[in-house]
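Since the structure comes first, as structure tokens, the remarks are kept for the end.
Model, not experiment: these values are computed from the prediction. Lettering of chains follows the sequences in order, A, B, ..., and the numbering in each one begins at 1.
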Amino acid sequence: MARTLAEKVWDDHVVRRAEGEPDLLFIDLHLLHEVTSPQAFDGLRKNGRTVRRTDLTLATEDHNTPTLDIDKPIADPVSRIQLETLRKNCADFGVRLHPLGDVEQGVVHVVGPQLGLTQPGTTVVCGDSHTSTHGAFGALAFGIGTSQVEHVLATQTLPLAPFRTMAVTVNGELPEDVTAKDLILAVITRIGTGGGQGYVLEYRGEAIEKLSMEARMTVCNMSIEAGARAGMIAPDATTFDYLRGRDHAPQGADWDAAMEYWSTLRTDDDAVFDHEVVIEAAELAPFVTWGTNPGQGAPLSARVPDPAGFAEEGERIAAEKALEYMGLTAGTPLREVAVDTVFVGSCTNGRIEDLRAAASVLGGRQVAEGVRMLVVPGSVRVALQAVEEGLDKVFTAAGAEWRHAGCSMCLGMNPDQLSPGERAASTSNRNFEGRQGKGGRTHLVSPNVAAATAVLGHLASPADLSDVRTPAGV
Amino acid sequence: MEAFTTHTGRVVPLRRSNVDTDQIIPAHWLKKVTRDGFEDGLFEAWRKDPEFVLNQPRHQGASVLVAGSDFGTGSSREHAVWALQNYGFRAVISSRFADIFRGNSLKNGLLTVVLPQAAVEALWELAESDPAAEVTVDLVQRKVLARGIEEGFALDENARWRLLEGLDDISLTLKNEADVVAYEAGRPAFKPRTQVV
Ligand code: SF4
């Protein structure tokens, strides 16, 4: 029978199938971090269990880690306890860990792919919803809760209820100033924060095929913001080129065998999706959010919407609450919204291409007075690459702060936070109330828009910079 | 896990949709390394407002949360479930739940019940007009009952059975050890490994 990509990967991992029971799936790669694992290790200890496959498990420290003074003891005692707990758990159970200060440390979803551990046709899980990032390689990758983390540690499997499949087809070519982030923000606004519920999304079509691996990760990363279980993109030459030669990519005869398998990982021509969404790339433009969920977004050229314009009552109330929290007035052009802070980083947009994009806009320009800009690489490897390319110098010369790798201001768990009422343009993935710090207001944007916004002090795209153009430095 | 058969209690009407897990339990609470003690963090930001529904004396001691659609979106943090349970909720009713949240709650014995929006509205109105009114969430019959309200709900048979029996997934899976061993024996050599053991 004709199958979709997601169904093929699922079928290849069924350990046990029985009538009336969820399928038991084998997990190829289990990623851990300090926040969602302590109670799981605790559960193992209580029941006298071990980690079944330490060779399929990897831990990093990211959510609580500071991005300044990383050689000093962590100031917040509770953060310190959580990191120390992870270190002890990994040591006790034999799990490989990349702690703060290690060259492979970084945001878990940046580290897995860059090590070559995330491969087509694998199942990848992590106690973190943005595990969907790894679907960019044609992996079936999804976030799990702590009970499931414990389940995977103990058994390397998960009982899972079946999902539905949705094709998100993006036809044509993206306009020059439109990035993967704009694309996914537009998709989320289109299908809504609950629209993907129960689905695995498969992004396809010309615009998707032309995306680099890093841009594909940005797209799949935010599948969860559309409510989806996972996002996937069929592996192709771009995927294979990215993987070849990476630390954990197969080599020699294994590479050939892997390639043979990977090449089968496409949705069959006559396979049927449960739902399909078609988007014309040419109609897309730089996109920003104005509200407090990622589905409340609009093109940068639009105005803050009037809640009265929403036909559905729930949406209208949500929009009213959002504008109140965000301190915005309906009808204000989004371009006139002034920001205090700009954050470039996170597992959505903290990879080297994102930093290059931000640097190319900032080169030869200055961060506006009164605006604080933080640039936080997604991993130490990304940071080293950026330094090699001189990007750190571009950022600091423009007046931005160049920080150490971690989740940083993506969520208020470490010292990098917004203060109440502070407004940020952020390349991260969630604009929820208080996500970036109590009372903080977040506009989700692409790295290009983030950089242009930093220069002008209000939401802007690089095209708006033509009048302040100085020779670009990179 | 504590078994869930049937539960009767009063209702907290939470007239909000898209309640994400960052609202249910803010990130700074995630630093705890235990499963308990999260009750004070539940809806922490909203509870600063004395008018917030959870703060109203008339809803104290209620054990069934009835919320707007898309409850539990966002971060996968299971702490959201623990916080609801630590606070005293046994069941949450909404017209739609985020997948990960729903999975997490069922694994911890917090029953998530999907009802049509009209039934959610009816429960809100009941609880607002009569905070002492009780609702019964009956997993045996798969029904929600309250004054003037009787609504069936769906839950897949396997999940229901595990809840009714209070069964823990890991023990169930470990019974199928032979299947796991057989699967592992057939895995291709090119699959990635994080370390040599
Ligand atoms: S960068 Fe943000 S979204 Fe990504 S793992 Fe860290 S906290 Fe989560």
Side-chain angles (χ1 to χ4, degrees), chain A residues 15-16 20-22 24 26 28-29 35-36 38-39 54-58 64 78-79 81-82 85 96 116-117 119 122 127-129 143-148 150-151 154-157 159 161 193-194 197-198 227 229 248 250 254 257-258 261 293 314 318 411-413 430 432-435 438, chain B residues 15-18 20-23 26-28 30-35 44-45 68-70 73-79 81-82 96-101 103-104 107-108 117 156-159 169-174 176-177 179-180 182-184 187-197:
Chain A
V15 168
R16 174 188 154 86
E21 284 179 33
L24 189 64
F26 193 82
D28 289 319
L29 178 63
V35 183
T36 52
Q39 295 87 352
T54 49
D55 60 334
L56 306 183
T57 312
L58 179 79
N64 281 272
V78 199
S79 284
I81 288 175
Q82 202 160 54
T85 306
R96 171 176 163 189
L117 282 167
Q119 295 177 12
T122 53
D128 190 282
S129 56
I144 56 178
T146 299
S147 295
Q148 291 172 304
E150 187 178 335
H151 195 285
T155 69
Q156 203 58 36
T157 65
T193 52
Q197 205 220 2
R229 280 239 199 132
H248 290 270
D254 277 346
Y261 173 57
N293 75 55
L411 94 172
M413 267 196 100
R430 287 187 176 142
F432 299 154
E433 291 181 18
R435 165 84 177 181
K438 232 174 252 175
Chain B
R15 282 191 184 260
R16 288 186 190 243
S17 56
N18 255 306
D20 58 73
T21 52
D22 275 79
Q23 300 314 321
H28 68 98
L30 309 194
K31 296 179 182 179
K32 290 173 65 69
V33 292
T34 58
R35 287 179 198 245
E44 189 183 49
S69 65
D70 296 309
T73 54
S75 151
S76 62
R77 58 189 71 161
E78 198 157 315
H79 313 67
V81 173
W82 304 330
R96 192 159 63 183
F97 290 95
D99 284 327
I100 299 179
F101 175 82
N104 287 343
K107 295 218 174 336
N108 284 276
Q117 186 60 24
D156 86 75
E157 198 38 58
N158 188 269
D169 276 0
I170 298 179
S171 322
L172 286 176
T173 298
L174 289 174
N176 300 316
E177 170 72 12
D179 294 322
V180 184
Y183 182 91
E184 285 176 321
R187 278 180 90 230
F190 59 75
K191 291 277 187 174
R193 278 168 202 268
T194 57
Q195 59 178 334
V196 183
V197 287

- Check for a donor-acceptor pair, side chain of B:K31 on one end and backbone N or O of A:I81 on the other, with a separation under 3.5 Å. no

- Should A:T36 and B:H79 count as side-chain neighbours, where that means a heavy-atom distance under 4.5 Å? yes

- Do you know which of A:G116, A:S79, A:A318, A:A161 has the most heavy-atom pairs with chain B at a distance under 4.5 angstrom? A:S79

- Contact origin within B:R15 toward chain A - heavy atom pairs under 4.5 Å: backbone

- Message: Main chain of A:G127, side chain of B:E78: is a donor-acceptor contact present, judged purely on distance under 3.5 Å?
- Response: no

- Task: Go through the steps to decide whether A:Q156 and B:V180 satisfy the test side-chain contact (heavy atoms from CB on, under 4.5 Å), and finish with yes or no.
- Result: CA-CA 8 Å; A:Q156 203 58 36; B:V180 184; 5.6 Å; no

- Item | Non-neighbouring partners of A:F26 that pass ring-ring contact (aromatic ring centres under 6.0 Å, His included), sequence neighbours left out | B:Y183

- Pick one of side chain, backbone, both or neither for A:E21, based on which atoms fall under 4.5 Å of a heavy atom in chain B. both

- Message: Working note: B:D70 + A:Q197, criterion side-chain contact (heavy atoms from CB on, under 4.5 Å); need CA distance, chi angles, decisive distance, verdict.
- Response: CA-CA 9 Å; B:D70 296 309; A:Q197 205 220 2; 5.6 Å; no

- Please name the pair of heavy atoms, one in B:I100 and one in A:G143, separated by the smallest distance, quoted to 0.1 Å. CD1-O, 3.6 Å

- Query: Side chain, backbone, both or neither: which part of B:E157 has a non-hydrogen atom closer than 4.5 Å to chain A?
  - Reply: neither

- Query: Quick one: CG on A:L117 to NZ on B:K191, what's the gap to the nearest 0.5 Å?
  - Reply: 13.0 Å

- Query: Just how far is it from atom OG1 of A:T157 to atom CD of B:E184, taken to the nearest 0.5 Å?
  - Reply: 9.5 Å

- Query: Checking heavy atoms, do the side chain of A:S147, its backbone, both or neither come under 4.5 Å from chain B?
  - Reply: both

- Query: Hey, does the side chain of B:D99 reach the backbone of A:G198 with a donor-acceptor pair shorter than 3.5 angstrom?
  - Reply: yes

- Can you tell which part of B:N104 gets under 4.5 Å to a heavy atom of chain A, answering side chain, backbone, both or neither? side chain

- Report the option among B:G74, B:P26, B:S69 that has the most heavy-atom pairs separated by less than 4.5 Å from atoms of chain A. B:G74

- Message: Heavy-atom cut-off 4.5 Å, strictly under: side chain, backbone, both or neither for A:R435 against chain B?
- Response: both

- Give the intermediate values and the outcome of side-chain contact (heavy atoms from CB on, under 4.5 Å) for residues A:Q148 and B:S76. CA-CA 11 Å; A:Q148 291 172 304; B:S76 62; over 6 Å; no

- Item | Contact class of A:L58 relative to chain B, heavy atoms under 4.5 angstrom | both

- Message: Ignoring hydrogens, what is the shortest heavy-atom contact between B:F190 and A:Q119? Give both atom names and the distance.
- Response: O-OE1, 3.7 Å

- Query: So which heavy atom on A:A154 is nearest to which on B:I170, and how close?
  - Reply: CB-CG2, 4.0 Å

- Query: Any idea which of A:Q82, A:Q39, A:H151, A:R430 has the most non-hydrogen atom pairs under 4.5 angstrom with chain B?
  - Reply: A:Q39

- Message: Strictly distance-based, threshold 3.5 Å: is any side-chain N or O of B:T194 a donor or acceptor partner for the main-chain N or O of A:T54?
- Response: yes

- Query: Going by distance alone, is a donor N or O of one side chain under 3.5 Å from an acceptor N or O of the other, for B:N18 and A:T193?
  - Reply: yes

- Note on the structure: Ranked by heavy-atom pairs below 4.5 Å to chain A, first place among B:V197, B:N158, B:D169 goes to B:N158

- Between A:N64 and chain B, which part of the residue has a heavy atom less than 4.5 Å away: side chain, backbone, both or neither? side chain

- What is the distance from atom CD of B:E44 to atom NZ of A:K438, rounded to the nearest 0.5 Å? 5.0 Å

- Does B:D22 offer a backbone N or O that forms a donor-acceptor pair with the side chain of A:E433 under 3.5 Å? no

- Option that, when pairs with chain A are counted at under 4.5 Å, heavy atom only, ranks first among B:K107, B:R35, B:R77, B:H28: B:R35

- Message: Need one label for A:L56: side chain, backbone, both or neither, based on atoms under 4.5 Å from any heavy atom in chain B.
- Response: both

- Query: B:S17 versus chain A, heavy atoms under 4.5 Å apart: side chain, backbone, both or neither?
  - Reply: side chain

- Item | Selection from A:A258, A:P38, A:G434 maximising heavy-atom pairs under 4.5 Å formed with chain B | A:A258

- Query: What part of B:A98 gets closer than 4.5 Å to chain A, counting heavy atoms only: side chain, backbone, both or neither?
  - Reply: backbone

- Task: Side chain from CB out, backbone as N, CA, C, O: work out which of these in A:T146 comes under 4.5 Å of a heavy atom of chain B, or both, or neither.
- Result: both

- Is there side-chain contact between A:R16 and B:T173, with heavy atoms separated by less than 4.5 Å? no

- Task: Could you tell me which portion of A:L24 (side chain, backbone, both or neither) has an atom closer than 4.5 angstrom to a non-hydrogen atom of chain B?
- Result: side chain

- Note on the structure: Under 4.5 Å to a heavy atom of chain B? For A:N293 that would be side chain

- Among the listed options B:T73, B:L174, B:V196, the residue most often paired with chain A at heavy-atom distances under 4.5 Å: B:L174

- salt bridge (charged side-chain N to carboxylate O under 4.0 Å, His left out) against B:D156, all qualifying residues, sequence neighbours excluded: none

